[in-house]
Amino acid sequence: MNDLKLYDAEFKFMNIVWEVEPVHSKELSTICGERLGWKRPTTYTVIRKLAERGFVKNENATVTALVKREQVQKYEAEMLLDKAFDGSIPSFIATFLKDKSLTEEDTRALLKMIEGAKE
Amino acid sequence: MMKILIALLNMSIAASIVAVAVMLARIPLKKVPKIFSYALWAVVLLRLICPFGFESPTSLMPTNAEIISPAIVTAPMSKINSGIPAVDDTVNLFFENAVPLTSINPIQIFLKIGTCIWLCGLIVLILNAVIGYNRIKHIVYDATLVRDNIFETDKISTAFVLGFIRPTIYIPTVVKGKQLDYILKHEQVHIRRKDHLIKPLAFFVVAIHWFNPIVWISYYLMSKDMEMSCDEAVLRKSNEDIRQAYSTSLVNLYTRNPGLLNPLAFGEGSVKTMKARIKNVLNFKKTPRWAIVLSSFLVVLFMAGFTTNPPQSLSIDGLVNIPTSNQQSAPVTQTQQNMDSRLTLVEKEYTIAQLEAKNIRGIVVSGLTDNGEKATGVLSENIIIKTGGETLKLQYYQMSDHEYNVDDTITDGGGTRGNILIGRTKSSLSNEPERAIIITIPDNADIITLHVNTGSGDVSIENMSTLITTVKSVSGNVVIKNCDLPYDLNLQTVSGNIDVIGLSTENTYDYPYSFEANIISDSGKVLFQPKDSVSNYHFVFATKTSNSITVNGKSYNGGEFVLNENVPKTVHIGSGYIHTSKNEKQDGLGTASFIIKDNS
């Protein structure tokens, strides 16, 4: 699946699915009603739409996610990187580091990550 | 349908006058809170939807509401009556020169086509608005709850309020912190002021008046005033000076996407409006108390002045131009000429329904003299009477050989409301209303038929002896006092009361079986107290409601009628019961008729 673009509301919905799956669609709509202020039909419409796009599966009224949270996060990050930083990771990191200082721990973790990503 | 269009045109014109006045009034109100400018638009809105106005001598309107008369459709010669002589002359000259080739009034064709175009425009605008509303609703269907009635979604870039009964605020997800706070406050003021209902209502009215550019301009300006006064409310409530921050959030939020412009969901406007709003926000100062008081006073004065119409100068159909007082002294020959052309307009008789529809407040009188000559006339502030080929006006008019005195036709400058008194001599007329048209008819004149039609005027006929008397009135009261029972008596009102008092059969032709009198009032009260026994004659009483009918001094409400003395033979009653002298109670529901047995 190439297009993992999620609207804000859809992402909030997926967060709930990831948290509680597998879940009965009725129960899911109750949770969405509490947390997102959705009416029952809205939840069902969103389930249908996301099922069509392959994000979730709705079998026997049980909803399960077909896409992992990390996949979506990665997609979003890549989109952002492409759009705002021309795909350049250094300029991306530079922007984030502009107004912030990193703790010792953060720095170590980051360096480890960069080391691991080296070719 | 055409009548609706004419009424609409009249409302549109009246509202345009008020709208221009509001636009002018907004100039001095520039420095005070915009709520005053906003309030003024209420008058325009009222003018645009309310087909009738209240009359008041203190009205600021330059003309009466009905500039184009509904009778323009049927009149042989079309005229308008705007109250401004120069306008009338120009327009009417155009009408006069347009000689109709066929019997159909060309105005009628224009109106038919106009009605079609108007309806199409209306439908297109309403459909467009409804579709637009649904589209937005569809876009934000999955917006997620923030708190209360606030939902957020990243599919929009502008905050707005949607919904009528439970209005919901939709905000873009990107807005955070202080900005969000201001925007929410702004939208909450909208909801508290019911702007989410006012705006669509205003748009609906604009859609009805879509052909009038002034209405569109008004809508644009009203929306601007609405937003600005809303901004001011937010600023006023804030303890610190937030002008800078507030205007920044306006720019950030509302100028980004003008694509969502829809009358049923609002919150944004054009870039030009936004500039004006920001200027207004930055210039915001707390207004001194005296300015508020003065503005309130002016606004109230303005509203009172423009919601009322000036008192109507009496004119029938709005077509007959009644000569003004300085014309009264004009040479007779000249006035005769003028009148001839006018009188052709009124030789027709109207039914009550027609009178009602045309809002006729004058009186059309027609009568037959004893040698069969027909006389018709318009009675209003000034009297114009036409008989046969001869026309005379005001103080005297002639029917055959008799000279009748038309007395005291103008009692004061206020004009009459169309009350009319007809009697033998002036001294015999009682209960003379202050402003009335009084026709006194000398003893030596015999009136064979007497027809009086009025809209709202009261009619009083006293001490008369006629063969046929017909009085039709919409809301005026009818009094027939001390008259001889005519061979044919027809009294008909919609809401006016009918009193028949002291009816005498002394000089009545003895036609007991072909006689029929109809006394019909849709919702008025009927009082029937004949002097002599009229039990040999057929009377028809009818009411549509169960209003009281009073017979011989006793009033019976709730549709119960007691007829015991001098009773008529047949009584038709819309609803209720009837008692005969023998205490037989009969159900009188519906339009059943009752044969009352002899009293003996």
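Naming convention: chains lettered A, B, ... in sequence-line order (proteins, then strands); numbering from 1 in each chain.
Between the side chains of A:Tyr7 and B:Asp142, no donor-acceptor pair of N or O atoms lies under 3.5 Å. When only modelled atom types and interatomic distance are considered, B:Asp195 and B:Tyr38 share a side-chain donor-acceptor pair under 3.5 Å.
Centroid-to-centroid, the aromatic rings of B:Phe203 and B:Tyr133 stay 6.0 Å apart or farther.
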Practice problem: Could you check A:Glu78 against A:Lys74 for salt bridge (Lys or Arg N to Asp or Glu O under 4.0 Å), going step by step and ending with a plain yes or no? | Solution: CA-CA 6 Å; A:Glu78 274 167 6; A:Lys74 186 165 169 271; 3.3 Å; yes
With side chain to side chain contact (heavy atoms under 4.5 Å, CB included) as the criterion, how do B:Phe204 and B:Ile126 come out once you've worked through the C-alpha distance, each side chain's angles and the decisive distance to 0.1 Å? CA-CA 7 Å; B:Phe204 182 67; B:Ile126 298 291; 3.4 Å; yes
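Closest heavy-atom contact between B:Leu48 and B:His209: O-NE2, 2.9 Å.
Near-neighbour residues of residues 30-47 of chain A relative to chain B, defined by a heavy atom under 4.5 Å from a heavy atom of that chain, comprise A:Arg35, A:Leu36, A:Gly37, A:Trp38, A:Thr42, A:Thr45, A:Val46.
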